[in-house]
Structures are given as C-alpha cells and as structure tokens.
Amino acid sequence: MKKRELEQLIQKIVNEKVEEGAIKSPVKVMLERPPREELGDFSTNVAMLLTKSERKPPRQIAELLVPSIEALGCVEDVRVEGPGFINIYLKKDCWYDTLKEILQKRGSYGDCPHVGEGKKVQVEFVSANPTGPLHIGHGRGAAVGDALSRILEAAGYQITREYYINDVGKQMTILGHSLYIRYLELLGKDVTLPEDHYQGDYIKDIAEEFLKRQGKKYAEVPFDECSQLFIEFAKDSILSGIKKDLEDFGVHFDVWFSEKTLFEKNLVETTIEELKARGVIYEKDGALWFKTTEFGDDKDRVLVKQDGSTTYFASDIAYHRNKLRRGFNTIVDIWGADHHGYAPRIRALFSALGEDPERLKIILIQLVSLKRGGKPVAMSTRKAEFVTLREVIDEVGKDAARFIFLTRKADAHLEFDLELARRQAPENPVYYVQYCHARIMSILEFAKEKGLDIPDAPHTELLRRLDLKEELNIIKHLSRLEEVVESAATSFEPHRVTFYLRELAALFHPYYNTHRVVSEDTELSLARLTLCRATAEVVRKGLRLLGVDAPSRM
RNA sequence: GCGCCUGUAGCUCAGCUGGAUAGAGCGUUGGACUACGAAUCCAAAGGUCGGGGGUUCGAAUCCCCCCGGGCGCUCCA
C-alpha cells in the first residue's frame, strides 16, 4: 500500500462528509508516518486542522471519520491517539501486494510518471570554463546534476542535460596565449608565462601535442596572426578531456551549448533588442544598462560596456532567453554556491520577459573541503594546485565518489576525505549499500544451487509466511520508494534517495544476521527469497538513480 | 555596511515542507563467524536543536532581533 493511494481514499471520505454536511469546510488530507511503529502505519492530522472551522475538539471530529476509514478494505484498525491524530493500521496482506508489485514492475518500480506528466525540464550543470581540467568541486556538481536528472526522469519529466561552454572572451585569448608561450618554450625560445596566464602543467601537455601536429611553423609567427588557431586547439583539447572525464564519471550530456553560437546567431543582440522594446534598457556613461532593479535586483547591470563589447551577463541572459524559447517548463541551473549573487539578475530577466521566475530553479552547490587522512588539502585554482576529477575517479572510483557527493544536501558543506573514500572500510558508506545488493545476489545464487525456484508471481498464501516484524518493516520500507522518488524530484534533493537506501540496507543487514533465509522449510525459504529479491530490486533501482553501480560481487 | 547561505551528539550530517518521547554514520567501550558473504551484526554512552522573543492546539522547522561561521556585493569571466 502506497501513501498516495491511501491518501486519495481518505480524501474521498472527507469530501463525502463535507457533501453530507457533517463537516463544514473542505481540507486537504495529508498522511504521514508516525514516529513510532506502535502508532500505526500511517496517520493523519485532518481532525486537528479542522478544529477551528468546526469549533469542536479534534477527537470529536476524528470520531466522525473513523467508521468510514475502518470500512476501507486494507484497513485493520483505526485509533484516535494523542492530541487528535487518526492512526491507521493496515492489514498485512496489503503489504504483501507491495512485493508482488516490485517483482512485476522490476526496474520501473518506484517510477511516478504522474508527477512530471512528461513536462520538459532542462538541467544545466557543470558548465566549467574550457580553460582547464575539471576539479573535485565540478565532480560534486556533476554528481548532483546527473542524479537529479535521473530522478526527474523517474518522476516522469523529460530531461535535457546541458553543458554551457564559455568559449568567448578574454579568458579564451589568455588560454590561447598560454599555449603559445608553452609552445615557444618547447622550441627553446626565451619566454616567460605571465602571471595572469594559466599556470597548470596541462598546458604544457597540450603544447607538446600541438608541436607534434603542427610542427615548428609558428615559431616566428606573432601571436596576433595565429591566435585563433592556438585558442581553438587549446579549447578543443581541454574540452575533449572534460568530456572524457564526465563520461568516465557516468555523466552524459545531451547538449553542449557554445556561448559563441549565441553571437553567431545574433542572439545577444536580439535579446537586448527585445528588452529595449520592453523599456527596461537605458544608456548611461556610454554603456547600455538593464534595469534589473525593477525586478528586485540590488543594482542595474551593464550589458554593453563603454568599449562596445558585451558583458558575460549579456551572454547569460541571451542564453536563458534561448532556454525559454526552447519550450522547457522548468529550467534548472546548478551553480557553485559562490555564484548565488547572480540569481536575482537571471530571475530579473524572466520577469522582464513576462515569464514566471518560478520556472527557474537554481541549485547551489557548496564547496567541497578536501581532506586526506583527516588532514586538509590546500586547493588553489590560480596556482593550478587542485585535485582533479580525473584523479578522484582513478583514486577512489566513480561509485564511491558519486555516492559521497550525494550524502549531503547540495547547499551544505561537504567534507571529502580521499583516503576514506578509497578505503574499502566500514566507514565508507557506499559499500554498506552495495554490499547489501551483492549479499542478496549471493544468497539467490546459493538458493539456486540448492534447487530452489523462486516464483515470479508469488501468491499471498506464500508471502504470509513473512510475518516477522523485521520482514514487515523491510516491506514497508520498500513500499516507500515511490514517495522518496517523488519528494526528491519535487524538492530537487537527490540526497534523499541516498538516505533512503542506507535505511533500507540498515533494515536488511540485521535481518540477515539473525534469520536464515534458506532453511529446511522450503515454503518459508521461498517466501524469504522473494523478499530478498524484491529488496535487491529496489536497491538496484535506487543506486541507478544515483548513477552508482549495483555489483553482484565485491 | 547591504544581501544570500549556515549553526542539531566528540566529528560529519539527516530530520519527510508545522506534528507525538529529535535520528543516523563515524569515533569511543564491550561483545558475535565449524550452515545463505564479518565490506556485516549486537550492546552501551553521548543533546539547553547557537541565544532570546513571537505566531498556535503543537516549532529543530515559519516571523523578528542578537551572536558565531561561509559566500557574494566589477563596465571580471
């Protein structure tokens, strides 16, 4: 029995009471899980919500509803407890239906298409500048963005994963020039890399590659005459590295959106024209301003500078206007938390274009503080001292890294201990869940060798053998998957799935340790094997939503 | 100075959008493998939910004020 189903049944009862006149005002029924199992499987606070409009004590209102709820097929008992909670106890047979449903739906169990109804959502994430390799912080953004996308897909949304490439502007010229300098260095020229250039060794590697491909023919060519070539080469090389890193991290983007194309298609200009037409653009001090203060921003923002060049913000609004034009119902931007100040301006754009700013959902990713064996690791982008995503993948593995990134709310600081993450030790949380899956697969294997044939569609008769409290608790937890997916999707918080899985494993491991699955009692064995199979199915599904593998052996 | 985020057990963090006696993991201490995987399990200890007010049947959760931490306040990208 799922919460949503029971919620609807009780809502119907309340609505009937309202029609009959027994209750004066309508109320939305919300079920919740009581804090302790003695208080039932579900409970509702409707009676307390109605005290004011009914002018009756909550318990009296509750009693009005109890008989109809008791009459529901799945309900074993209904009690009014505490200040006026209506606590509902379900029949065991209803829980066994959960197992049947899991085995029938398999990988699609937990999906809730009614939430998204096929609406289009764009998720833009990572979007790191193509001036250097991805570092561990980008990894967190990648893990969150991808897991969120997977969860939204399970919730029935149509997702476009997108990466925005900042491939224009001064930084690109500096990148190209950095490569140029390293190239000349290789040719034995006496040059030094300016301080504001990219210092990382990766530029040297690219320079060697450049030399191999292009030879020495640019040795005497001034940078001004070959800048485009160097810029393109550096950018393409870095970008293909980024793509490779992300693929190996299990993240695949549908669209790689180039900022440059905004200019090529005149979209920056068109956007400014549209804003002009809407009367939110003015000129001051030789620059062109967007009146964002009209929509809640602190100060107005420059779009075209005195020297005639456009700002980064100009590209950004053109990009977001383009997103809107592409027909996404919701636009999700995942940013580093240090960019939070930009939110009001982008929202201002939505308002200025007559769009609901609520369509833009911004998720901020807090910084990762990196440790190694409990000791902090210093990071400095400028000095190119940082731990790259590549190193993390190679050192601790994709699964452990992704899982750890998803053990916290996105906007909370995350401590990432490289040594801990790499260690296959109990304190490493990913193995707790993966081990649960591997363990079950091993049990199923064992059962097969014993000649036990687990039914694909077990009868309730058989499942009734699962009457231990631990067994029912596991089944009840399994029944929550859809709720968790829905809440993770609507709150944009993928970490909820992580916690759910840990809880599930924490129910299964002790059960396994105290009760034998495969025993002399064939019927009981089959019932328990069914439970195991359903559990493995849900663990696998949950891990898939996080982009983490569910190994059969570890 | 202004704005956003944040403060929950020794440490790292959850807390289901306002519910009943606030929960995990790690760490600490003690215990469990001659039957399905010990990457597991069992037990113990650990709290003024930063502080103060307010809203109401009810607050860790919502509002205001302080205190502490982080991050933003470029015609930078």
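In what follows, every chain begins at residue 1, and chains take the letters A, B, ... in the order their sequences are listed.
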So, OP1 or OP2 of [N]: does either fall under 4.0 Å of a side-chain N or O from [X]?
| X | N | answer |
| --- | --- | --- |
| Y312(A) | rC75(B) | no |
| H495(A) | rG15(B) | yes |
| R439(A) | rA38(B) | yes |

Nearest-angstrom distance, [atom1] atom, [N] to [M]:
| N | M | atom1 | value |
| --- | --- | --- | --- |
| rG25(B) | rA44(B) | P | 13 Å |
| rA14(B) | rA9(B) | P | 12 Å |
| rU8(B) | rG46(B) | C1' | 14 Å |
| rU61(B) | rG54(B) | P | 14 Å |
| rG27(B) | rC66(B) | P | 42 Å |
| rC4(B) | rG47(B) | C1' | 29 Å |
| rG3(B) | rA20(B) | C1' | 38 Å |
| rC64(B) | rC5(B) | P | 11 Å |

Of all the heavy-atom pairs spanning F403(A) and V548(A), show the shortest one and how long it is. N-CG2, 4.2 Å
Just call it for [X]: base, sugar-phosphate, or nothing, with non-hydrogen atoms closer than 4.0 Å on any strand.
| X | answer |
| --- | --- |
| R36(A) | base |
| A412(A) | sugar-phosphate |
| N129(A) | sugar-phosphate |
| S43(A) | base |
| K52(A) | sugar-phosphate |
| T173(A) | nothing |
| S442(A) | base |
| N87(A) | base |
| H437(A) | nothing |
| V168(A) | sugar-phosphate |
| T514(A) | nothing |
| P35(A) | base |

[X] [atom1] to [N] [atom2], straight-line distance once rounded to whole Å:
| X | N | atom1 | atom2 | value |
| --- | --- | --- | --- | --- |
| N45(A) | rA59(B) | CG | C1' | 15 Å |
| M48(A) | rG19(B) | CE | P | 10 Å |
| R502(A) | rA24(B) | CZ | P | 12 Å |
| N166(A) | rA77(B) | CG | P | 10 Å |
| L49(A) | rA20(B) | CG | P | 14 Å |
| Q306(A) | rU74(B) | CD | P | 16 Å |
| K361(A) | rU17(B) | NZ | C1' | 11 Å |
| N513(A) | rU40(B) | CG | P | 10 Å |

Can you tell me which nucleotide in [options] comes closest to the side chain of [X]?
| X | options | value |
| --- | --- | --- |
| H339(A) | rA35(B), rA77(B), rA20(B) | rA77(B) |
| V518(A) | rG70(B), rU17(B), rC36(B) | rC36(B) |
| Y435(A) | rC75(B), rA38(B), rC16(B) | rA38(B) |
| Y431(A) | rA39(B), rG37(B), rG15(B) | rA39(B) |

Aromatic ring of F85(A) stacked on base six-ring of rA20(B), 5.5 Å, 30°: yes
Charged tip of R480(A) within 45° of Y500(A) ring normal and under 6.0 Å: no
As a quick check of understanding, evaluate side-chain hydrogen bond (donor to acceptor under 3.5 Å, both in side chains) for D307(A) and S309(A), giving each step before the final call. CA-CA 6 Å; D307(A) 65 5; S309(A) 62; 2.7 Å; yes
Within a strict 4.5 Å, meaning less than it, do heavy atoms of the Y319(A) and E259(A) side chains meet? no
Under a 4.5 Å cut-off applied to non-hydrogen side-chain atoms, are V517(A) and F446(A) in contact? no
Symbol by symbol from the 5' end, with Watson-Crick or G-U pairs under 3.5 Å, [ ] crossing and | another strand, RNA chain B is (((((.(..((((.....[...)))).(((((.......))))).....(((((..]....)))))).)))))....
How long is the span from the OH atom in Y202(A) to the CD1 atom in I238(A), to the nearest 0.5 Å? 5.5 Å
Report yes or no: is there a donor-acceptor pair, N or O only, under 3.5 Å between the side chain of [X] and the base of [N]?
| X | N | value |
| --- | --- | --- |
| Y342(A) | rA77(B) | yes |
| H340(A) | rG3(B) | yes |
| D316(A) | rA77(B) | no |
| D338(A) | rG72(B) | no |

The residue among K476(A), K3(A), R33(A) that forms salt bridge (charged side-chain N to carboxylate O under 4.0 Å, His left out) with D41(A) is K476(A)
Please determine, by modelled atom types, if D285(A) and Q306(A) share a side-chain donor-acceptor pair under 3.5 angstrom. no
